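As structure tokens, the structure follows; a few thoughts come after it.
Indexing begins at 1, ligand by ligand and atom by atom, following the structure's order. As the structure is a prediction and not an experimental result, all values here were calculated from the model.
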Amino acid sequence: MAVVSEMMKESIEQGSLIRQMFDLGIKLKQQYGEENVLDFSLGNPDLPPPPVVQEAMADLAKNLNRPASLGYMQNAGFAWALEALAEELSKEQGVGLSRFDVMLSCGAAGAMNAFFHSVLERDDEVLAFTPYFGEYKFYVRNHGGILKTVPTREDFMPDFDALEKSITPKTRALIINSPNNPTGVIYSEGVLKKLVAILESASKKNGRPVYLVSDEPYRYLAYDNCQVPSVLPLYTYAVVISSFSKKYGIAGERIGYLAVSPEIEDKELLMGACIMSNRILGFVNPPVVGQYLMKAALGSSTENALSVYAKRREIFCDILDNAGIEYQKPMGAFYIFPKAPDGDDELFIKCLQEEKILGVSGKGFGLAGYIRLCYAVEERVIEKSREGFKRAADKARSVKQDRKNV
Ligand SMILES: Cc1ncc(COP(=O)(O)O)c(C=O)c1O
């Protein structure tokens, strides 16, 4: 008897790579002790939220004896929270946004689901460059769409020809994610302008907007003074999706948003659809506590986080150099996506597990031959993995050599 749908069965199978790693992490930690498992598999920021968040939480707790203090509010969020967000995003994105151009949601994940729920017809196609954040596949499929992947160049920058060839009358959106999970690449303004030119011409040809969905939760983490250009001033059909999960270390509080270009036609209809989707997807409204925490945290400096992660990045690169593993130095975010020795990511992941080091196979991001390591992990844990990486890489190489010799 079919207790679940075929689609969900498939989703569970496809989503199993990160899940398996998560379960394995728990098992290994029980077996060998928390301290002895070096877990680089999860993108959960380990830095505490800014002190203002703790103060805001305490203030909120003291003021709960008002009617409906933790009750429902408008489906887009509190007006005061939307105003504060619009003001902050106007500075960040370089366009004047009002509270009617933004919507708060349950994380960037909730915002992306609300957006695709609002714009996709059945079997519409959404494009994403490989490697990509694996959850996109589900966020698109949840709403009847199909995620189509587009290859990148060796340096993980967009392949514009491949993008043009991937566009069909069914193309509805391109998702970009800069700074990128898992590669850490950041797109320059020149790259964004080329993407926009392609989407502009596709929109004209298709007779409906082909949206540029810019997923930006790592915008605050750009190293070496690298700039993360804004998409809203570049394209009428650009949509920014992001959250405070990573920026302020409040991922579990589920507070994120979407913002549209103030120039977009039928803006009221589009925003109305997204807000309705927020409601009928069952989120109903963004979390109350998250909105208070966001308001308090907006404008807090992220300089300290940037320097902590920059240092960890250097240590990780040094460890990979020492193990003779090829990688591209991340320009932003807190991930690194090295090549597995001889391109065998499954073997390398297995050899690393024998050293009690956890990473995720590139297959989880649509690109085999690589692994993803997350350095939202204390420096001493990264340092402790040095010899393990070397042994695992040597072992993977020698297993491959043995196989070739057979
Ligand atoms: C690229 C990317 N987009 C979106 C999300 C979802 O984040 P949120 O917690 O805001 O839903 C994540 C989380 O890891 C991510 O890495």
So, for F116 and Y139, is the gap between ring centers shorter than 6.0 Å?
no
Classify the side-chain pair E216/S214 by whether it contains a donor and acceptor separated by less than 3.5 Å.
yes
Can a donor-acceptor pair be found between the side chains of Y327 and D321 at a distance below 3.5 Å?
yes
Over-ring placement of K356 relative to Y32, 6.0 Å and 45° cut-offs:
yes
Working note: L367 + F156, criterion side-chain contact (heavy atoms from CB on, under 4.5 Å); need CA distance, chi angles, decisive distance, verdict.
CA-CA 11 Å; L367 193 63; F156 303 124; 3.9 Å; yes
At a 4.0 angstrom heavy-atom cut-off, ligand 1 is contacted by G107, A108, A109, F133, Y136, N177, N181, D215, P217, Y218, S243, S245, K246, R254
Donor on one side chain, acceptor on other, S242 and R219, under 3.5 Å
no
